[in-house]
Peer 1: 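Provided herewith is a single structure, encoded as C-alpha cells, for subsequent inquiry.
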Amino acid sequence: MGCAHKNPFDLHFLLIISTILSCFVAASATISEVNALLKWKSTFTNQTSSSKLSSWVNNTSFCTRWYGVSCNSRGSIMRLNLTDTAIEGTFRDFPFSSLPNLAYVDLSMNRFSGTIPSQFGQLSKLIYFDLSINQLTGEIPPELSNLQNLETLHLSENKLNGSIPSEIGLLTSVQEITLYNNSLSGPIPSSIGNLTNLVTLYLYINSLSGPLPSEIGNLTNLADLCLDRNNLTGQIPSTFTKLTKLTYLNMFENQLSGEIPPEIGDLTSLDTLSLHTNKLTGSIPSSLGKLKNLTILHLYLNHLTGLIPPELGNMESMTDLEINQNKLTGSVPDSFGNLTKLQWLFLRDNQLLGPIPPGVANSSELLVLQLDTNNFTGFLPETICKGGKLENITLDDNHLEGPIPKSLGDCKSLIRARFTGNRFTGDLSEAFGVYPHLDFIDLSHNKFHGEISSNWGKSRRLVTLIMSNNNITGAIPPKIWNMTQLGELDLSTNNLNGELPEAVGYLTGLTKLILNGNQLSGRIPAGIRLLTKLEYLDLSSNRFSSRIPQTLDSFSKLHYMNLSRNKLDERIPMGLTKLTQLSHLDLSHNQLNGEIPSQLSSLQSLDVLDLSHNNLSGLIPPSFEDMKGLSYIDISNNNLEGPLPNTSAFRNATADALAGNRDLCSNTTKQKLKPCPLTPPGIKKPKKNNNVVVWILVPIIGAIFILYVCAGIFTYYLRRRKTQTGDNNQDSETGESLSIFSYNAKVKYKEIIKSTKDFNPNYLIGIGGYSKVYKAKLPGLIVAVKKLHETTKNPEFLNEVRALTEIRHRNVVKLFGFCSYPSHTFLVYEYMEKGSLRKVLANDEEAKLLEWSKRINIMKGVAYALSYMHHDRSTPIVHRDITSGNILLNNDYEAKISDFGTAKLLKTDSSNWSAVAGTYGYVAPELAYAMNVTEKCDVYSYGVLMLEVVKGKHPGDLVTNLLCSSSPGESVLLTSICDERLVEPEAEMREKVLKMVKVALLCLQADPKLRPTMLSLSTTFS
C-alpha cells in the first residue's frame, strides 16, 4: 500500500500557523526585555535626572528610539551602551535572564555601586563587557570565566578588592583586560599565560604582590603590558623576551630586583620601556641599543651600577632618556651625539665624571637637560643650546668651570636654569643675555665676578633670581627694582656695596629678600615696609646703621628675619612685636640699647630668638614665660639682670648663650648662675620697725582671701544647682561663668552668644562632621566660632585644643580661645574670608579667580605647615584629615590648615596604632589594613589634595589619565589634566603645574616608605 498524499492546503496552513506562533513567541520575548529594562531603570536613585534615559518609555520602538539600546535582526536586545549617563544604582535587579542575547555591554563612567553579580557569567554571548569608572566593590566573580566569547573585559577604576581569580585563564578569546586602579591584591595568576589572544593587559595601580609569572611570556600577541605601581617582587622573567610584538612595557614603582635581562634588547617593537623606581641592580644591558624604535627609556631610581653602554647611542628614535638617581660611573658616551631626536636627558644624581661630551647638545629638539649631582669636570660644550629650544638646564653640584658658552647666553628659550655649586667663572655682566621666558635662575656658589647687568631687568617673567656666594662687586643696578614680578631675590655673600634704595619697595611681590654677607651701608630704607608679602628677610653681615625702621609691622607673613652683624642702634622697635608669624628673629651683633620690650612675648610663633652682643639692659620680661613655642634663646653679651623666665628655652640654654651679662640669676639646677633671691630685685625687705604693720595687714589680707574663696564656692554651688534643675539661661545672660582668652584681651562668653544671636542659623557659615561654624563680629575683631554638636565626644574637642595650642605657624589657623561648658562647647578661630578650598573650587566663578600661581601658593602653604608639624617639633603631629574642606583661605588666598579634631601626637618611643580617621578619598590605603599612624598618612592626603587643586575637583578621573604613562608630567597634554575652567598655563607656569602632578603621584605611592617626606616637599617650593 503506497503512501497517502497530504493535501497542499494543509501544508500551507501548518506553515502559516508556525510562522504566527514564532512571531508570537518573539513578540512575547521583546516585551519581556522591555519590561525588564524598565523595571531595572526604576531602581536608579536618580532616574529622573538623566535626560538621556528619558527616551526609555513604553509604547515606543525601543530598538530605534531608546538611548543606548540596539537590537539584532529578530528584534532582541543585543547592545546596551549607557556609558557616561550619570546613573546611580546597582546591579542587584539587573535583568540577566531576560536579556539572553546581549553581546555588547558598556556601563562605564557612571556611579554604579555594590558588587559585580556572578550572573553576568550567564550572558554567554557577551563579546564586550565594560564596567570601568564606577564605584563597584567586592571581588571579581570567577563566574566571568564562563564568557567564552568575550574579547574585551574592562573593570578598571573601581574599588574592587581581593585577588584576580585564576579562572580568568579560561577566557581564551579575550584580547583586552584592564583592571587598573582598584585595590586588587595577591599574585598575578599564572593561568593568565593561557590567554594567547591577549593584546592589552593593564593591571597598574593595585596592590598586587609576588613574583611576575613566567607564563606571561606565552602571550606572544601582547602589545601593551602595564604592571606599574604595585608591590611586585622578584626578577624580570627571561620569558618576557618572547613578547616580540610588545610596544609598551611599564613595570615602574614596584619592588623588582635582580638585573635587567639582556634579552629585552630583542623586543625590537618596543616604543616605551619604563622600569624606574624599583630595586634593580647590575649594569644597563648594552643590548638595549638594538631597540631602534624605542622613544622612552626610564630606568631611574634603581641601584644600577657600571658604565653607561655606548650602544645606547644607537637608539635613533629616542626622545626621553632618564637613567638618573642610580650609581652609574664613568663618562657619558660620545655616541649620545647620535640621539638627534632627544628632548629629555636626565643623568642627574649618579657618579658620572669627566667632561660633558659635545654630543649631548647635538639634538636640535633638546628641551630638558639635567646633569646635576655628579662629578663632571671641564667646560660646558659651546653648542649646549644648539637647537634653540632648551627650556630647562640643571648642572648643580658638579666641578664644571670656565665661562658660560655664548650659545647658552643667547638661549632665548630658557625657562629654568640651575648652575649652583660649580666653579664657573667669567664676568657676570657679559655672560648672560635677555631671556623672555625665564622663570628661575640660580647662579650661586660659583666664581662669577664683575657687576650685575641691568639686562636682568628685561627678563620680565623672572620670578627667582639667585646669585649668592660669588665674587660680584658694585652696586645693585636700579633696573632690578623695576622687576615687580620677582618673588625671590638672593644676592647674598658677594661684595656688593652702596645703599639699599627706597625703590626696593617697588618689589611688592617679593616673598624672599636675601642680601646678607655684602658691604651694603646706610639706613635700612623705610620703603621696605611696602613688601607686605615678604616671608623671609636676611640683611645680616652688612654695614647698615641707624635704627631699625619703626614700620616693619606691615610684614604680616614674615617668618624669618635676620638683621644681625650690622651697626643698628637705638631700641628694638615696637613694630617687631606685631609680626605674629615670625618664627626666627636674629638681631645679634648690633648696638641696640634699652630694655627688651615685654610685647615680644606676643610672638607666639617664635622658635629662635638671638639678641646677643648688643647693649640691652634691665630685666628679661616675665611675660617671656608665655612663649611656649620658643626653643632657642641667646641673650649673651648684654647688660641684662634678674631672673631667667621659667621656660624650656631658658632652662636648656647653654652657658655661652647667657654669658657676658650683668647680674642674671636662676633657681634651676642646670644653669651655672647664682640662685635668685626670694625677694625680686627692686623690692626691699621690710625693716624691723615695720613689723607692726605686717602683723596688722597679714591677717586682714588672709581673711579677705578666705571670704573670697568661700563666696566663689557658694556661687558655684548655686549655679550648679540651677543647671541640674534645668535653669540654664544664666550662662548666656551673665556671661560670667567662663571667659575666652585671646592674645591681648578677654572676650566674654556673652559676646559670642550675643553676636551669633545664640547660634542663630543666619550666622552659620559651615557644617562639619561633628560641628557647625558661625561667623561672629566682636568689638574690633571678626572670628569664626566652631560649635560642637552635643553628641560629639570629648576627645575631638580636646584633640583640637591640644594640637592648636601647641602649633604656631602662619599656615595653621589661629585658635583665639575655647569654651567647654555643659550648655555650649566651642572654639574661637581667626576668620578666613574665602572659606574652604573645597567651596572655592566648587564655585565656577571663584575657581576662575584661583589662577595657577595662587593654586601653587596654596600647596606651598600646606606643605610648609605639614613640614613644621612633622619635622620641626619634638613631638610630631599628624593631622590625619588633610582635605580641601579643611584648607581655609583668606582674602589673599593664603592657605591655612584647620580642623584638628582627628590630629594625633606621635610617640617617638612606641607604635602609634589608632582607629581609621579622616575623609574617604583622602585616607592613605595602609590605614585600611594597618592602623599604625605615621606622617606618611598626611603625605598621601597631600598628594590627593594637590591633584584636586590641579584638576579643580576630586581627582578620581584625573589619576586615570596619568596611570599608564611612565612620565606623566611630560607626556600627557595639560588639557587633559588641568582645570578646564582656567586657561592652559603658559610656558612660565607649565613646568610648575607638571611638577605638581609628578610630585602628587610620588605622594600617592602605595608603600608609605616610598613617599617623600613633607620636609623634602616643602623644599621643592623654596
Side-chain angles (χ1 to χ4, degrees), residues 205 207 228-231 252-255 274 276-279 298-303 322 324-326 346 348-350 370 372-373 394 396-397 416 418 809 811 855-873 876-880 882-883 887 895 897 906 912 918 922-927 930 932-950 955 958-959 962-963 965-970 991-1022:
I205 306 191
S207 299
D228 45 280
R229 284 162 281 190
N230 281 288
N231 296 310
F252 59 89
E253 292 185 30
N254 279 289
Q255 305 290 325
S274 184
H276 71 80
T277 319
N278 278 288
K279 298 178 180 179
H298 286 180
L299 303 178
Y300 61 88
L301 274 171
N302 278 289
H303 306 298
E322 302 185 24
N324 47 293
Q325 292 166 284
N326 282 287
F346 288 41
R348 60 183 297 265
D349 204 1
N350 279 290
Q370 291 195 355
D372 54 298
T373 321
T394 307
D396 299 6
D397 300 320
R416 189 176 183 89
R418 298 184 66 101
H809 194 274
N811 294 114
R855 297 190 186 202
I856 291 171
N857 285 333
I858 286 171
M859 296 314 300
K860 277 187 190 180
V862 177
Y864 291 155
L866 288 175
S867 176
Y868 165 77
M869 290 161 56
H870 293 178
H871 304 286
D872 294 345
R873 296 174 33 79
I877 290 182
V878 179
H879 187 281
R880 294 202 294 170
I882 295 297
T883 70
I887 306 301
I897 300 177
L906 290 191
N912 291 277
Y922 297 86
V923 178
E926 66 268 18
L927 287 179
N932 192 22
V933 179
T934 69
E935 298 94 330
K936 295 301 181 72
C937 299
D938 282 350
V939 175
Y940 182 91
S941 302
Y942 181 81
V944 177
L945 180 68
M946 185 172 280
L947 289 182
E948 184 173 358
V949 166
V950 173
L958 171 61
V959 177
L962 307 174
L963 296 182
S965 171
S966 59
S967 183
E970 289 87 353
E991 184 181 355
K992 293 182 179 180
V993 178
L994 288 173
K995 184 176 183 180
M996 285 177 68
V997 175
K998 205 164 189 177
V999 168
L1001 292 178
L1002 288 175
C1003 295
L1004 294 173
Q1005 297 192 80
D1007 187 348
K1009 295 178 182 177
L1010 296 179
R1011 296 174 203 154
T1013 64
M1014 287 311 306
L1015 180 61
S1016 65
L1017 290 178
S1018 67
T1019 60
T1020 65
F1021 291 114
S1022 60

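The figures that follow rest on heavy atoms only: side chains count, while hydrogens, waters and symmetry mates do not. Here the structure is a predicted model, which is why all the values come from computation and not from measurement.
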Peer 1: Side chains of Val944 and Pro955: closer than 4.5 Å at any heavy-atom pair?
Peer 2: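 Yes; the side chains approach each other to less than 4.5 Å.
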
Peer 1: Please check if the side chain of Asp1007 supplies one atom and the backbone of Asn231 the other of a donor-acceptor pair under 3.5 Å.
Peer 2: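 No: the side chain of Asp1007 does not pair with the backbone of Asn231.
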
Peer 1: Going from CZ on Arg1011 to OG on Ser1016, what distance comes out if it is rounded to the nearest 0.5 angstrom?
Peer 2: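 Reported value, rounded in 0.5 Å steps: 13.0 Å.
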
Peer 1: For Thr277, which residues count as a side chain to side chain contact (heavy atoms under 4.5 Å, CB included) partner, sequence neighbours excluded?
Peer 2: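 For Thr277, the residues satisfying side chain to side chain contact (heavy atoms under 4.5 Å, CB included) (neighbours in sequence not counted) are Glu253, Tyr300, Leu301, Gln1005.
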
Peer 1: Could I get the full list of salt bridge (charged side-chain N to carboxylate O under 4.0 Å, His left out) partners for Arg348, not counting sequence neighbours?
Peer 2: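 Expected list: Asp372.
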
Peer 1: Which pair of non-hydrogen atoms, one from Lys1009 and one from Lys936, has the smallest distance, and what is that distance?
Peer 2: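 The answer is O-NZ, 3.9 Å.
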
Peer 1: My understanding is that only residues two or more places apart in sequence, or in another chain, count here; which of them pass salt bridge (charged side-chain N to carboxylate O under 4.0 Å, His left out) with Asp397?
Peer 2: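 Result, salt bridge (charged side-chain N to carboxylate O under 4.0 Å, His left out) vs Asp397: none returned.
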
Peer 1: With a 4.5 Å limit on heavy-atom distance, are the side chains of Met996 and Met859 in contact?
Peer 2: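 Side-chain contact under 4.5 Å: yes.
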
Peer 1: Strictly distance-based, threshold 3.5 Å: is any side-chain N or O of Asn278 a donor or acceptor partner for the main-chain N or O of Asn302?
Peer 2: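 No; zero donor-acceptor contacts below 3.5 Å.
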
Peer 1: Is there a side-chain contact between Tyr942 and Met1014 (heavy atoms, below 4.5 Å)?
Peer 2: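 In short, these two side chains touch, coming nearer than 4.5 Å.
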
Peer 1: Return the minimal non-hydrogen interatomic distance between Phe346 and Asn324, and the atom names on each side.
Peer 2: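 Phe346 and Asn324 have their closest heavy atoms at CB-OD1, 3.1 Å.
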
Peer 1: Apply side-chain hydrogen bond (donor to acceptor under 3.5 Å, both in side chains) to Asp349 and list each qualifying residue two or more places apart in sequence or on a separate chain.
Peer 2: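 Counting only residues at least two positions away or on another chain, Asp349 forms no side-chain hydrogen bond (donor to acceptor under 3.5 Å, both in side chains).
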
Peer 1: So does Asn254 get a backbone contact from the side chain of Asn230, meaning a donor-acceptor N/O pair under 3.5 Å?
Peer 2: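 Looks like no, no N/O pair under 3.5 Å.
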
Peer 1: Could you tell me which non-hydrogen atom of Cys937 sits nearest to which non-hydrogen atom of Ala924, and how far apart they are?
Peer 2: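 So the two residues come closest at CA-CB, 4.0 Å.
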
Peer 1: Can you list the residues that meet the side chain to side chain contact (heavy atoms under 4.5 Å, CB included) rule with Ala865, with sequence neighbours excluded?
Peer 2: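 Checked Ala865 against side chain to side chain contact (heavy atoms under 4.5 Å, CB included); matches are His809, Asn811, Val812, Ile897.
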
Peer 1: Nearest 0.5 Å, please: how far is CD in Glu948 from OG in Ser941?
Peer 2: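 Result: 11.0 Å between the selected atoms.
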
Peer 1: In chain order, what residues pass the side chain to side chain contact (heavy atoms under 4.5 Å, CB included) check against Asn857, with sequence neighbours excluded?
Peer 2: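 Asn857: side chain to side chain contact (heavy atoms under 4.5 Å, CB included) contacts with Lys860.
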
Peer 1: Using a 4.5 Å cut-off on heavy atoms from C-beta on, say whether the side chain of Cys1003 contacts that of Met946.
Peer 2: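 Not touching, per the 4.5 Å side-chain cut-off.
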
Peer 1: Would you say Lys992's side chain and Ile856's backbone share a donor-acceptor pair under 3.5 angstrom?
Peer 2: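 No; zero donor-acceptor contacts below 3.5 Å.
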
Peer 1: In this structure, which one of Thr1013, Leu1015, Val939, Asp938 forms a side-chain contact (heavy atoms from CB on, under 4.5 Å) with Leu866?
Peer 2: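 Filter result, single survivor: Asp938.
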
Peer 1: Measuring only between side-chain heavy atoms, which start at C-beta, is Gln255 closer than 4.5 Å to Leu1010?
Peer 2: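 They are in side-chain contact.
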
Peer 1: Looking at Ile858, Ile882, Val950, which hits side-chain contact (heavy atoms from CB on, under 4.5 Å) with Leu945?
Peer 2: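 The residue from Ile858, Ile882, Val950 that satisfies side-chain contact (heavy atoms from CB on, under 4.5 Å) with Leu945 turns out to be Ile882.
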
